[in-house]
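These notes are about the structure you will find just below.
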Protein chains: 2
Amino acid sequence: MAQAPGPGKQVQIAHIATQHYLQNKTRIEIANETGLSRFKVGRLLDEAVSSGIVKIHIASPSGVRLDLSVQLRERFGLEHAVVVDVPSDADEVIQAKLGSTAGDLLRELLTDEDVLGLTSGRTLNAMARSLNELPKCGVVQLAGVAGPIQETGLEIMRRVSAIAGVRPWTIYSPLVVSDAQAAVGIRRQPDTRQTFEQFSKVTVAVGSVGSWKPENSQMVKNRALDPADREKLLERGVVAEFGATLVTDTGSVIHDIDDRCIAISEAQWRAIPTVIAVAGGPTKTRAIRAVLASGILKGLVTDAATAERLLGG
Amino acid sequence: MAQAPGPGKQVQIAHIATQHYLQNKTRIEIANETGLSRFKVGRLLDEAVSSGIVKIHIASPSGVRLDLSVQLRERFGLEHAVVVDVPSDADEVIQAKLGSTAGDLLRELLTDEDVLGLTSGRTLNAMARSLNELPKCGVVQLAGVAGPIQETGLEIMRRVSAIAGVRPWTIYSPLVVSDAQAAVGIRRQPDTRQTFEQFSKVTVAVGSVGSWKPENSQMVKNRALDPADREKLLERGVVAEFGATLVTDTGSVIHDIDDRCIAISEAQWRAIPTVIAVAGGPTKTRAIRAVLASGILKGLVTDAATAERLLGG
DNA sequence: GCATGCTTTGCTCATATGAGCACTACTAAT
DNA sequence: ATTAGTAGTGCTCATATGAGCAAAGCATGC
């Protein structure tokens, strides 16, 4: 009888379990109604669980994989880990879902007093598009825009700041320029300089992760980064970029081209209380693992398959 | 936020709910570990349930439909109601499943001191075949055997008593005979009389239900019951038989042919502390409802579809 | 500016609950 | 029979928990 109570007892257990778990009656109430002692009721309830009659499921009604989220949080010491179930593994679908989830997370985290920092990227673009409500927090662009489609980077800023109802601090510049001199010149521009001065005030930052191995990031494709540069950085072990911060598998940061980047620095990243990465998909797994290893992140929004790969390896 | 907490909160709730429900930590332990107050933990756990993150399922691992069992028990005031899920609605499959379930129930209910009473019927035959263990309780046949295949009725007694390891009290006679005189003669036989004397000692009885509308019972097909008798009884409203006790839709008992039946009487049925019917299938629904209405039963073992029909109408 | 509700928080105190124990009722072996 | 062994039961007492409350934040109105 250890494994399976008889059918009569099963029904009795079910009755008690229903009263207790579904109708929130106390063991004592049930005991009075059934004529059993409260101890007996308690033991039957224990048996209800141990015999498998009562099953407790913990799952989000809205596609958040809570089990993986919790595991991810504990494994990588994150404060905010959100793993969503994405039925498809098409990049666009993943990005849309991650974006909207990150948007929900932001709406939850941000208050009027916060200052939000953003980088660019397709996932963040999806996030910006899904947002429809935000507190009146400051909005700061943390990096120049990489790749040919600079509009999207600015579109993120425009949309997010419009929803927050504030003027954004923007950076009208590429992420990487050809030489340090040019970078100095750009950083001297009043607009840019003012935005850079906001970095220290940022309380919540959201960034996407770019992958260098495989090469699937806007930065690698940047014209200012010629094949020789790229080759050298790959040899140095760079596998990921977060903003313009380049990271190796072990999580150490490569500063070789810092002087040519128009973006928040590693130290400034680390000074922000809450830094959240939004990224997913098979090609980005290695890069995400690297950025996690760097210790910059306090949060991660990713898809279930990626979370499993991160936890599995 | 009433309906859906943000993803960050969902993860927090999931973490707490996991700790509490799956790892049996107290709210106070969780509060200490997370730095929240125990009140906060309690409120988050409430939210876990109300927001649908925690779902509690009550279902039997062994095919017993506990929800229906409990409903049936309360609706018809039964002590033992067991509803089993039967995938097929073929009579044979239903009977086999009901039989084995009734057997489990018997093994659970019976002790050495009990005296088990049995009628015949295909479902009880299935029960007898599925039994493989019983206490050494007395075994009493409660009714003569109807229909052409008298062997099965005796086979039930043979098998059950063999498993219990005792000598059974049997009735070597048809259920209905052609006239009262013949019945008196049969009842006078020492064997039969001794068995009848056991009826008052029976503590647990199991019987099957025969349907008269539609006509699907061994008794209706009995040779001793000629078409005229049958017609008269149907006109009197008989829709079911339990042993040789004939019942109408309203649950009242028709005694017209009592003097021609070799079986336990209505009054004797009612004197047995625990009377359980085992029956199911679409054709028997009306009959089962009638026998339930008679108030003779303390228990019922049936299939899910029948239970739903009983509860629905 | 200051009232005004409304939510959130942690408190007190009565109540519910669990751990461990002693007691009974069987079982099974000597 | 006697004896130990093994559930099963209900107890005591320390602990966990819930209901209801008061204080603190917080938005919103005038």
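Note that the structure is predicted; figures quoted are calculated from it, not measured.
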ask   = Of B:L110, B:D112, B:L109, B:T111, which meets side-chain contact (heavy atoms from CB on, under 4.5 Å) against B:C137?
value = B:L110
inquiry  = Output the rounded distance in Å from CG (B:L44) to C1' (C:dT7).
reply    = 15 Å
query = Is the shortest side-chain N to carboxylate O distance from A:D46 to A:R43 below 4.0 Å?
reply = no
task = Using only heavy-atom distances, determine whether the side chains of A:Q10 and B:S62 contain a donor-acceptor pair under 3.5 Å.
result = yes
I'd like a table of donor-acceptor pairs (distance under 3.5 Å, sequence neighbours excluded) in which one partner is a side-chain atom from residues 66-73 of chain B, with atom names and distances.
from	atom 1	to	atom 2	distance (Å)
B:D67	OD1	B:R65	NE	3.2
B:D67	OD2	B:R65	NH2	3.3
B:S69	OG	B:R65	O	2.7
B:S69	OG	B:V83	N	3.0
B:R73	NH2	A:H15	ND1	3.0

key: Short side-chain N/O contact to D:dG10 OP1/OP2 from A:K40, under 4.0 Å   = no
message = If you compare all heavy atoms of A:L154 against all heavy atoms of A:I171, which two are closest, and at what distance to 0.1 Å?
response = CD2-O, 4.2 Å
task = For A:L36 and D:dG10, give me the distance from atom CG to atom P, rounded to whole Å.
result = 8 Å
request  = State whether B:S37 places a side-chain N or O below 4.0 Å from either non-bridging phosphate oxygen (OP1 or OP2) of C:dG10.
outcome  = yes
Could you run down the sub-3.5 Å N/O contacts of the protein with nucleotides 15-21 of chain C?
from	atom 1	to	atom 2	distance (Å)
C:dT17	OP1	A:R27	N	3.4
C:dT17	OP2	A:R27	N	2.8
C:dT17	OP2	A:I28	N	3.2
C:dG18	OP1	A:R27	NH2	3.2
C:dG18	OP2	A:R27	NE	2.9
C:dG18	O6	A:R38	NH2	2.9

key: For the student: nearest non-hydrogen atoms of A:V301 and A:I276, plus distance   = CG2-CG2, 4.2 Å
